[in-house]
Amino acid sequence: MKITDIQFGMLRVPLKTPFKTALRTVSQVEDIVVMMHTDTGHVGYGEAPATAVITGDTHGSIVDAIRHYISPRLIGQEVADLNRLTGLIQGSMEKNSSAKAAVEIALYDLWGQLYNAPLYQLLGGGDPVITTDITISVDYIDKMVADSINAVERGFESLKIKVGKDIGVDIERVKAIYAAVEGRALLRLDANQGWTAKQAVYALQTLEDAGIKLELVEQPVKARDLAGMRYVTERVHTPVMADESVFGPMEVIELIRLRAADIINIKLMKTGGISNAVKIADIAAMHGVECMIGCMLETSISVAAAVHVAVAKADVITKVDLDGPSLSQFNPVDGGVLFNESEISVTDAPGLGIREIRGLEPVSE
Ligand SMILES: C[C@H](N)C(=O)N[C@H](CCC(=O)O)C(=O)O
Ligand SMILES: [Mg+2]
């Protein structure tokens, strides 16, 4: 099975409610879809969102990186040479992690199709069902409480509460949500870099002193502030998770060496795809560090790839934040992974199992 062409589409899916974090507000998923064609007629699918505020990727940069740097290295290559090809993708240029991720996901999809096996089995197998949390956007307190109750009624047992705006209001947000859902859902906080280290310690100690038990706090301080991450980790009982601070395996090694966080959030759009995600999971497992697998605003194309990784690496990926499809108004994918609110299951279809993507728009030349 040889790669013959890589084509693009634009996929737009409105969200059920605007997605609001300390970094941005978005009302629809707007992602580049990659279709990797082969001489056997098989097609592999991948996807990349333009999360410029986190990865630096834009729609234009994703298409340009794939078209001019990644694709020329892959055309004519055998899918069976997976490890060599992921090396070519990762070595094609600096950064551009979302572009690399989209291409790697399509390549792994084909690799599964080549061996007629679902991707998770080729990655090591595992229990085919996982459970995700759902994100509660940062907003007025009443709205966040209503959204949290609604999520619990939909069956979500873990809520990822976005904070990182005003420290005083953030504390009130968490107190109000905790009071509304106590005993029915665990709370994870994600400040998306919005606090200083001292603010984070103040907020978390205030919540701890009030008897509020949090599952974890994600990226309390600026991505590059590893000293700040460590400062917070050393001073609070709540486990601290690194998200924007870690993209690839080298950053994970440094974070673990510095003991700057307790948990690592692996996202394919930061790692540049599946090969580095697996490496990070293995490094973390060797050090006894737990991981979450997360997503950006992605549909069930690239989230499916993350699900397969989560299933195969469940020994170390103990937490799941793959709620892109649950936040979206509809699923544009036919086939693939099954998303049923908090419950996600892989099927035994080869690769990612995607049969068709509806509503793809052309990407301009
Ligand atoms: C969608 C997911 N639950 C999530 O919250 N991801 C964010 C970043 C996503 C974005 O801004 O597109 C995160 O974990 O920081
Ligand atoms: Mg995060």
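The structure displayed is predicted, hence computed values, not measured ones. Order of appearance sets the numbers: ligands from 1, and atoms from 1 within every ligand.
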* **Note: Arg188-Glu218 ion pair, threshold 4.0 Å (strictly below)** => no
How close does the nearest protein non-hydrogen atom get to [atom], and which residue and atom is it?
atom                    : result
atom 15 (O) of ligand 1 : Asn192 ND2, 2.7 Å
atom 11 (O) of ligand 1 : Arg24 NE, 3.0 Å
atom 6 (N) of ligand 1  : Cys295 O, 3.0 Å
atom 7 (C) of ligand 1  : Lys162 NZ, 3.4 Å
atom 1 (C) of ligand 1  : Asp323 OD1, 3.4 Å
atom 13 (C) of ligand 1 : Lys267 NZ, 3.0 Å

Is it the case that over 12 heavy atoms from other parts of the model lie below 6.0 angstrom from the [atom1] atom of [X]?
X      : atom1 : value
Arg24  : CZ    : yes
Met250 : CE    : no
Lys2   : NZ    : no
Arg358 : CZ    : yes

* Asked: How about Asp209 and Gln205: does a side-chain donor come under 3.5 Å of a side-chain acceptor?
  -> no
* Asked: Side chains of Glu157 and Thr131: donor-acceptor distance under 3.5 Å anywhere?
  -> no
N/O separation below 3.5 Å, [X] to ligand 1:
X      : value
Glu244 : no
Thr51  : no
Asn265 : no
Thr21  : no

* Give the intermediate values and the outcome of salt bridge (Lys or Arg N to Asp or Glu O under 4.0 Å) for residues Asp64 and Arg67. => CA-CA 5 Å; Asp64 199 71; Arg67 211 172 251 161; over 6 Å; no
* Asked: For ligand 1, is Glu218 a contact, meaning one of its heavy atoms is under 4.0 Å away?
  -> yes
* Asked: Of all the heavy atoms in Asp321, does at least one lie under 4.0 Å from an atom in ligand 1?
  -> yes
* Examine the proximity of ligand 1 to Asp190 and report which part, side chain or backbone, both or neither, has a heavy atom under 4.0 Å away. => side chain
* Asked: Looking only at heavy atoms, is any part of Asp243 under 4.0 Å from ligand 1, and if so is it the side chain, the backbone, or both, or is it neither?
  -> side chain
* Verdict with reasoning, Asp139 to Lys20, per salt bridge (Lys or Arg N to Asp or Glu O under 4.0 Å) -> CA-CA 7 Å; Asp139 217 312; Lys20 299 181 184 177; 3.0 Å; yes
* Under 4.0 Å from any heavy atom of Leu297, which atoms of ligand 1 are there? -> 12 (O)
What N, O or S atom of [X] is found closest to the Mg ion (ligand 2)?
X      : result
Asp190 : OD2
Glu218 : OE2
Asp243 : OD2

* To do: Identify the residue among Asp323, Asp190, Asp243, Asp133 that makes a salt bridge (charged side-chain N to carboxylate O under 4.0 Å, His left out) with Lys160.
  => Asp190
